[in-house]
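The structure appears below as structure tokens.
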Amino acid sequence: MLKLFRYLEKAYLPIAGIVILLIMQATCELSLPTYTSSIVNVGIQQGGIEDAVPEVMREETFQGLSMVMKEKDADKMRKAYELYSKKQVSDSKYKTYKEGKLYVRKKISAKERANLDKSMAKGMLTMSSQMAKQMAANPQAEAGLSKSQKKMMKQMENMNVDDMPDSIISQAAISFVKSEYKAIGMNLEDIQTKYMLKTGAIMIGIALLAMAAAVSVTLLSARLAAKLSRIIRDKIFKKVMDFTNSEFDKFSTASLITRSTNDVQQIQMFVTMMFRIVVFAPVMGIGGIFKVLTTNAQMTWTIAIGVAAIMMVIFVLFTVAMPKFKILQKLIDRLNLVTREILTGLPVIRAFSTEKHEQKRFDKANMDLMKTNLFVNRAMTFMMPVMMLIMNGLTVLIVYVGAGNIDLGRMQVGDLMAFIQYAMQIIMSFLFISMVSIMMPRAQVAAERVNEVLDMEIMIKNPEEPKEFIPEKKGEVEFKEVYFCYPDADEAVLHNISFVAPAGKTTAFIGSTGSGKSTLINLIPRFFDVTRGSILVDGRDIREVKHEDLCEKIGYVPQKGVLFSGTIESNLKYGKEDATQEEVKRAAQIAQATDFIEEKEEKYKSPIAQGGTNVSGGQKQRLSIARAVAKDPEIYIFDDSFSALDYKTDLALRNALEKETHGSTKLIVAQRISTILHADQIIVLDEGNIVGKGTHEELLETCPVYQQIAKSQLSEDDLKKAKGVSAHE
């Protein structure tokens with residue numbers, strides 16, 4: 001899988017952007033539970049008062065705290081506050097206070113404030129406890145206290161500060177601060193409202209920032225994954241275009257289509273998810289664990305139970321589903337193969353009335369794929385409910401344990417809510433990782449199949465230092481002691497083939513079925529490379545020149561006519577895009593295709609369906625010949641390209657070829673002797689060996705194999721007549 005990422009080597013900037021955005025998103029989402037806790041603890045329970053370091057205190061309160069606090073802590077408090085005179089108080093926002101001087105907090109650091117919070121909270125409780133005892137001993141002392149202070153004094157009368165939990169100390173200190181604010185004349189409801197609005201606005205801003213980061217990451221990931229899939233498809237296509245017949249033997253057409261579409265799609269889906277999760281999930285998980293440890297480390301065992309349960313589910317899922325992922329793509333290959341065979345062979349299926357057999361074959365391939373898909377999908381649907389059960393069960397466990405801690409004063413309600421959110425974030429991180437782990441096997445299989453194509457060693461390559469053709473031997477083709485054996489075959493199909501096809505002459509090949517005619521002719525454009533010996537074109541070994549340059553010299557007409565969707569004109573210009581209209585018409589005239597083209601309403605603009613299904617076999621073959629003629633090559637290769645033509649058309653076409661392409665070399669594979677009577681040289685093949693070489697008359701006298709073929713196709717009168725035609729030509 002990682003090998004495919006080499007195609008994204010120029011995408012460092014988008015990847016870096018994705019990583020930065022994901023870290024930003026994770027940071028934002030990890031900070032939200034803290035603000036939720038603050039809203040509950042500070043905003044609701046504490047009335048918007050954050051800690052035991054009040055914004056302002058009366059002079060008598062400040063002096064009282066200084067007396068009960070340790071000297072070191074009292075000095076810190078004195079440095080943190082500034083004394084306002086009556087005039088300064090009247091000019092400030094505390095002007096409602098008319099009774100005396102106030103101590104106002106200076107701007108201090110968060111660390112200094114945290115240290116003061118602990119010492120001042122204990123000082124406030126100590127002071128409240130002393131006042132409570134004085135109040136109990138002297139009821140008249142209650143006259144100078146507010147109602148809230150009196151209530152707090154009674155609660156604190158019998159409490160020992162050293163035995164109290166921190167959370168209780170903090171809550172009691174907040175009550176002291178509230179009573180102090182109220183005594184000064186500050187509006188407590190206004191303080192609470194401002195805190196809630198401020199914290200809520202910060203949460204909304206963080207949420208919007210996280211949303212923007214998530215949207216941006218999704219967009220960048222999708223674009224990057226789409227770019228990778230485009231590059232991979234392009235690489236596969238270019239690689240397949242360089243395949244020789246040897247490589248095509250290792251991959252079926254259906255498999256190559258599946259690898260270029262479905263497999264690449266699986267990789268794209270995985271990459272889209274991977275870019276988001278590989279960075280996001282670990283940051284969320286690690287950050288969540290850190291936050292949990294700072295919130296309440298004693299309850300982390302509850303999260304460990306949830307994570308262990310999820311890992312167990314993932315392990316079981318992998319053990320059961322992994323083997324199915326590996327065969328899923330092969331079953332898609334099989335379905336595509338069967339479908340393609342049935343659709344392309346439909347006329348034969350109908351002719352032999354085997355529709356039911358093919359229907360059963362398709363149903364089996366379809367059913368196998370369906371069952372495997374159902375198994376995989378059921379495994380996936382089983383995972384989500386189990387994961388939700390684990391998450392909900394974990395929530396119940398945390399609430400149960402947390403309620404006990406709240407009851408004991410070890411934590412506050414807001415802390416419990418934050419702990420639950422962090423726990424869910426940690427669990428979701430593992431859930432995201434499990435989703436990637438589930439998608440990975442199928443993507444890995446798809447990547448391996450794609451890499452099989454991309455890493456395939458091409459047998460036919462261009463030389464490192466290509467040579468030029470020899471101009472003096474333009475159009476000459478020579479075989480020198482050529483042997484050829486198909487890949488993975490035990491025996492050679494061509495043995496010691498040696499001949500020269502002179503430039504501007506016609507060389508024909510004939511022999512029984514399986515004698516190696518098409519194999520021999522396909523070695524010239526390097527559909528295969530010779531096993532031994534060499535083939536020379538224009539005096540140069542074809543392995544020593546560029547393959548593109550070699551193909552430029554050849555006009556190839558295959559045994560089975562192949563047309564491409566488009567128009568007649570686009571097909572005739574396929575080998576020479578800049579061919580003029582006159583050249584196109586000349587090629588059609590030589591190929592005897594003008595009559596049926598002119599009969600069509602749109603003539604050369606007439607559409608050709610995919611595969612040329614809207615023209616007959618003979619018309620398709622003539623258009624294939626015209627396409628080669630329009631290219632005007634040095635060498636024509638006709639691989640039994642006249643078989644679908646009647647004798648009259650065949651004769652007219654050969655005469656036109658001889659007349660109009662006189663300077664080109666023509667290599668013709670034929671089954672009918674009538675097609676090659678005109679040849680300057682006829683080579684007879686039998687079981688991969690040359691058993692005869694010469695003109696028609698010479699072979700009739702010297703080659704038994706040729707004599708047998710001639711007698712099987714021609715009567716005695718035809719043979720005599722053929723001799724006369726040949727002698728006349």
Note: [X]-[Y] ion pair, threshold 4.0 Å (strictly below):
X: Asp632; Y: Lys576; answer: no
X: Lys371; Y: Asp368; answer: no
X: Arg540; Y: Asp538; answer: no
X: Asp234; Y: Lys238; answer: yes
X: Asp117; Y: Arg113; answer: no
X: Arg259; Y: Glu452; answer: yes

Answer yes or no: is there a donor N or O on one side and an acceptor on the other, between the side chain of [X] and the main chain of [Y], under 3.5 Å?
X: Tyr604; Y: Thr567; value: no
X: Gln425; Y: Glu29; value: yes
X: Asn462; Y: His547; value: yes
X: Ser229; Y: Ala226; value: yes
X: Lys239; Y: Met456; value: yes

Heavy atoms of other groups near [X] [atom1], more than 12 under 6.0 Å:
X: Glu577; atom1: CD; value: no
X: Glu468; atom1: CD; value: no
X: Met312; atom1: CE; value: no
X: Lys118; atom1: NZ; value: no
X: Met196; atom1: CE; value: yes
X: Phe564; atom1: CZ; value: yes
X: Lys106; atom1: NZ; value: yes
X: Leu13; atom1: CG; value: no

Step-by-step side chain to side chain contact (heavy atoms under 4.5 Å, CB included) determination, Met284 to Gln25:
CA-CA 9 Å; Met284 284 290 291; Gln25 181 189 352; over 6 Å; no

Between [Y] and [X], is there a side-chain heavy-atom distance shorter than 4.5 Å?
X: Lys227; Y: Pro14; result: no
X: Ile206; Y: Leu32; result: yes
X: Asp51; Y: Gln46; result: no
X: Val545; Y: Val537; result: no
X: Val307; Y: Ile427; result: yes
X: Ile49; Y: Tyr195; result: no
X: Arg449; Y: Thr258; result: yes
X: Ile23; Y: Val19; result: yes

In Å and rounded to the nearest 0.5 Å, what is the [atom1] to [atom2] distance from [X] to [Y]?
X: Thr34; Y: Asp415; atom1: OG1; atom2: CG; result: 9.5 Å
X: Lys79; Y: Ile108; atom1: NZ; atom2: CD1; result: 12.5 Å
X: Leu331; Y: Thr372; atom1: CG; atom2: OG1; result: 4.5 Å
X: Ile202; Y: Leu197; atom1: CD1; atom2: CG; result: 11.0 Å
X: Gln421; Y: Leu416; atom1: CD; atom2: CG; result: 10.5 Å
X: Tyr422; Y: Leu30; atom1: OH; atom2: CG; result: 6.5 Å

How close do [X] and [Y] get, counting heavy atoms only, and between which atoms?
X: Phe362; Y: Val338; result: CA-CG1, 3.9 Å
X: Ala213; Y: Met24; result: CB-CE, 3.6 Å
X: Pro525; Y: Ile554; result: CA-CD1, 4.0 Å
X: Ile426; Y: Gly285; result: CG1-O, 4.0 Å
X: Arg627; Y: Leu572; result: N-CD2, 3.8 Å
X: Arg105; Y: Val53; result: NH1-O, 2.7 Å

Using a 3.5 Å cut-off and no angle test, enumerate the donor-acceptor pairs between side-chain atoms of residues 385-402 and protein atoms at least two apart in sequence or in another chain.
residue: Asn392; atom: ND2; partner: Met388; partner atom: O; Å: 3.1
residue: Thr395; atom: OG1; partner: Met391; partner atom: O; Å: 2.9

Under the salt bridge (Lys or Arg N to Asp or Glu O under 4.0 Å) rule, what do Lys194 and Asp190 come out as? Steps first, then yes or no, please.
CA-CA 6 Å; Lys194 285 181 179 179; Asp190 186 53; 3.4 Å; yes

Intermediate values then yes/no, side chain to side chain contact (heavy atoms under 4.5 Å, CB included), Thr302 and Phe419
CA-CA 11 Å; Thr302 57; Phe419 191 94; 3.8 Å; yes

Distance-only side-chain donor-acceptor flag, Ser37 / Asn41, under 3.5 Å:
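Yes, Asn41 and Ser37 have a side-chain donor paired with an acceptor closer than 3.5 Å.
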
Without hydrogens or angle criteria, can the side chains of Tyr574 and Ser624 be said to hold a donor-acceptor pair below 3.5 Å?
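Side-chain D/A pair, Tyr574 to Ser624: absent.
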
Ile236 vs Val264, test: side chain to side chain contact (heavy atoms under 4.5 Å, CB included). Steps then yes/no.
CA-CA 10 Å; Ile236 293 174; Val264 175; 4.0 Å; yes

Verdict with reasoning, Arg543 to Val530, per side chain to side chain contact (heavy atoms under 4.5 Å, CB included):
CA-CA 10 Å; Arg543 292 169 294 189; Val530 298; 3.5 Å; yes

